[in-house]
**Student:** 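My questions will all concern the structure given below.
Each chain gets a letter, A, B and so on, in the order its sequence line appears, and its residues count up from 1.
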Protein chains: 2
Amino acid sequence: MQTSEARIDAAEAARTALVDSRRRQLLNAAARLLGRAGSQSVSMQNVADEAGVSVGLIYRYFGNKQELVQAVIEDVLHEFSVRVAEPVQDEADPVRRIAAAFAGYCSVVQELRDAAVLAYQESKTLEPEGRETVKDLEVESAEPLMAATREAIHAGLLRDVNPRLFAYDLLTTAHLWALKRWYFSRFMTHGEYVAQHTALSLSSVLRPEHRADYADLLGPLA
Amino acid sequence: MQTSEARIDAAEAARTALVDSRRRQLLNAAARLLGRAGSQSVSMQNVADEAGVSVGLIYRYFGNKQELVQAVIEDVLHEFSVRVAEPVQDEADPVRRIAAAFAGYCSVVQELRDAAVLAYQESKTLEPEGRETVKDLEVESAEPLMAATREAIHAGLLRDVNPRLFAYDLLTTAHLWALKRWYFSRFMTHGEYVAQHTALSLSSVLRPEHRADYADLLGPLA
DNA sequence: CAAGGGAGTGAATGAAGATTCATTCACTCT
DNA sequence: AGAGTGAATGAATCTTCATTCACTCCCTTG
């Protein structure tokens, strides 16, 4: 037998679960469409159709179109943060941690495709406040990479470069596949793209005396 | 005394000049506005006001809004092609030619500011056909850099990397300042950005035996 | 089983803004 | 000077959505 409080809690939990799954359903539908066309040519009706619900329902979960777009972008950036933290855990060597983080970013990009770079395309359509949030989240998503870079430099494995510069370069290089896939895919696969950029980036900063230790990452540049 | 034909030619030339200057005036006004806000929030009325003409007039020079946006983007890409060809002429050494081309791209970016990367933000709002044109122009603008890279590799100055990859990376690195200025400018000037990226990029591919020859470009990474 | 409440619907509303076009204006040629 | 030409104007038109809300449906509770 349930107490009335337990019943209320259960109902509460069910509602929350429903709300979450609907939000997710709408975010995914919107992300799919926004990956193909700019937010300006994606109507709320389109999103509703894609999600298989009515227009009105969207407004139950998001205040307005702008909020929806903002939520989609934040969702993507959150995915980056989460999905990169994990592979990085396993690596003790900071240089390999850099490579793992980069590979992590790249795999999220590969999976989300065009949605991965919505921030580049839609940021001007956001409210200034929302834009700031997006920037903060992006910087935050570069954090694991930046930490590993600092460490690698401190350990004397890398030359003395600005870790903020180096880490952000790598992050944006991961994005670049989504932005310029139409070009790079003419002559390389995503896997090759990741490998060659790992090699190029490390090659530019690895101290000569440690190159041999990372020959596997450097490939032909070893 | 003029022949009637000469008179007609003169009139023709005057008309052409007028058309050109109006087009330019409108393109500049539109580029200014598009640099600040997405095309979706820039109305034809806004463009007209910014240019100091009436809405109707815009339609005399551009078929519709989309064509105007497309023309602005093509104009920017044309600027890249033109402005980079020149500084590159002067350098005999292919490695220095790479650096000069990169500096050229960067200086166009610095000058055009946000308008430089309109292609990233607006490409999804363009007609598929227009999008193709934009891609072609972008690839074309990387040509000088690609040629110099090929030569440098052929001359044995650089390691054997894919010139298409390397050159496009550099081109997009130039764009990156416009895309992420809000971040990089927290800790470096545009000049430092250019210098450090020149150094990083060359450092990754310069063969060890030639590093000394380019110590000035490599800076602290020499 | 009836009432209550929230989820979901989709037609109606209103605003924004792209595009048109009748009209004015300035200039050139005869 | 008078006619003709094309540039320029901007109010009116026409569409396209974002947003609202009166309504239906279903589930839970008493």
Side-chain angles (χ1 to χ4, degrees), chain A residues 1-26 29-30 33-34 37-72 122 125-127, chain B residues 1-26 29-30 33-34 37-72 122 125-127:
Chain A
M1 174 183 164
Q2 298 180 304
T3 67
S4 92
E5 275 184 3
R7 243 181 294 139
I8 289 169
D9 284 358
E12 197 60 34
R15 183 172 22 253
T16 307
L18 183 61
V19 166
D20 281 357
S21 83
R22 270 272 185 256
R23 264 186 77 92
R24 177 118 312 279
Q25 172 189 18
L26 292 170
L33 296 180
L34 288 174
S39 66
Q40 110 133 298
S41 21
V42 172
S43 69
M44 292 301 259
Q45 187 64 62
N46 292 154
V47 175
D49 292 349
E50 176 81 15
V53 301
S54 65
V55 226
L57 189 65
I58 303 178
Y59 287 87
R60 223 163 225 296
Y61 295 87
F62 300 94
N64 54 39
K65 188 178 180 177
Q66 190 139 102
E67 269 183 34
L68 174 61
V69 174
Q70 171 95 25
V72 170
E122 300 295 341
T125 75
L126 268 36
E127 289 291 314
Chain B
M1 174 184 164
Q2 298 180 302
T3 66
S4 93
E5 276 183 6
R7 244 179 294 139
I8 288 169
D9 284 356
E12 197 60 32
R15 180 170 26 249
T16 306
L18 184 59
V19 166
D20 282 357
S21 83
R22 269 271 185 259
R23 265 186 76 92
R24 178 119 310 281
Q25 173 189 17
L26 292 170
L33 296 180
L34 288 174
S39 66
Q40 107 137 298
S41 22
V42 172
S43 70
M44 293 300 261
Q45 187 64 62
N46 292 154
V47 176
D49 292 349
E50 176 80 17
V53 302
S54 65
V55 227
L57 188 65
I58 302 179
Y59 287 86
R60 212 160 237 296
Y61 295 88
F62 302 93
N64 54 38
K65 188 176 179 177
Q66 191 142 97
E67 270 184 34
L68 173 61
V69 173
Q70 171 94 27
V72 170
E122 300 295 341
T125 75
L126 268 37
E127 288 292 314

**Student:** Any base atoms under 4.0 Å from B:Tyr61, or only sugar-phosphate, or nothing? Heavy atoms, all strands.
**Tutor:**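 Here B:Tyr61 touches the backbone only, sparing every base.
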**Student:** On DNA chain D, does the nearest nucleotide to B:Ser54 precede the nearest nucleotide to A:Gly56 from the 5' side, or the other way round? Give the residue.
**Tutor:**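 Closer to the 5' end of DNA chain D: B:Ser54.
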**Student:** Roughly how many Å is it from CD1 in A:Ile58 to P in C:dA7, rounded to a whole number?
**Tutor:**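 These atoms are roughly 16 Å apart.
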**Student:** When you measure from the side chain of A:Glu127 to the backbone N and O of A:Glu67, does any donor-acceptor pair fall under 3.5 Å?
**Tutor:**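 Answer holds: no.
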**Student:** So A:Gln70 and A:Phe62, side chain to side chain contact (heavy atoms under 4.5 Å, CB included) or not? Walk me through it.
**Tutor:** CA-CA 10 Å; A:Gln70 171 95 25; A:Phe62 300 94; over 6 Å; no
**Student:** Between CZ of A:Arg60 and CZ of A:Arg23, what distance do you get to the nearest 0.5 Å?
**Tutor:**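 Reported value, rounded in 0.5 Å steps: 14.5 Å.
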**Student:** Mind listing the closest non-hydrogen atom pair of A:Leu26 and A:Ala51 along with its distance?
**Tutor:**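 Smallest heavy-atom distance, with atoms named: CD2-CB, 3.9 Å.
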**Student:** Can you tell me how far P of C:dG17 sits from CG of B:Leu68, to the nearest Å?
**Tutor:**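 About 16 Å, once rounded to whole Å.
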**Student:** Under a 3.5 Å cutoff, is there a donor and acceptor pairing between the side chains of A:Asp49 and A:Gln45?
**Tutor:**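 The answer is yes; a qualifying pair exists.
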**Student:** Nearest whole angstrom, please: distance from the P of D:dG6 to the CZ of B:Arg22.
**Tutor:**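 Going from B:Arg22 (CZ) to D:dG6 (P), I get 17 Å.
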**Student:** Can you name the side chain to side chain contact (heavy atoms under 4.5 Å, CB included) partners of B:Val69, sequence neighbours left out?
**Tutor:**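 Listed in chain order: B:Leu34, B:Ser39, B:Ile73, B:Glu122, B:Leu126.
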**Student:** So how far off straight is the helix from C:dC1-D:dG30 to C:dT30-D:dA1, going by the axes through five pairs at either end, to 10°?
**Tutor:**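 About 0°, once rounded to a multiple of 10°.
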**Student:** Starting at CZ of A:Arg60 and ending at P of C:dA7, how long is that distance when rounded to a whole Å?
**Tutor:**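 Interatomic distance, CZ of A:Arg60 to P of C:dA7: 5 Å.
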**Student:** When the distance from CG of A:Leu57 to P of C:dA11 is rounded to whole Å, what number comes out?
**Tutor:**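 In whole Å, C:dA11 P lies 16 Å from A:Leu57 CG.
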**Student:** Polar pairs (N or O, both sides) under 3.5 Å between protein and nucleotides 15-19 of chain D?
**Tutor:**
from   : atom 1 : to      : atom 2 : distance (Å)
D:dA18 : OP1    : A:Lys65 : NZ     : 2.4
D:dA18 : OP2    : A:Met44 : N      : 2.6
D:dT19 : OP2    : A:Tyr59 : OH     : 3.0
D:dT19 : OP2    : A:Lys65 : N      : 2.9

**Student:** Which pair of heavy atoms, one from A:Ile58 and one from A:Leu68, lies closest together, and at what distance?
**Tutor:**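 Answer, listing the atom of A:Ile58 first, then A:Leu68: CG2-CD2, 4.3 Å.
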**Student:** So how far is it from B:Lys65 NZ to B:Ser43 OG, rounded to the nearest 0.5 Å?
**Tutor:**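 These two atoms lie 6.5 Å from each other.
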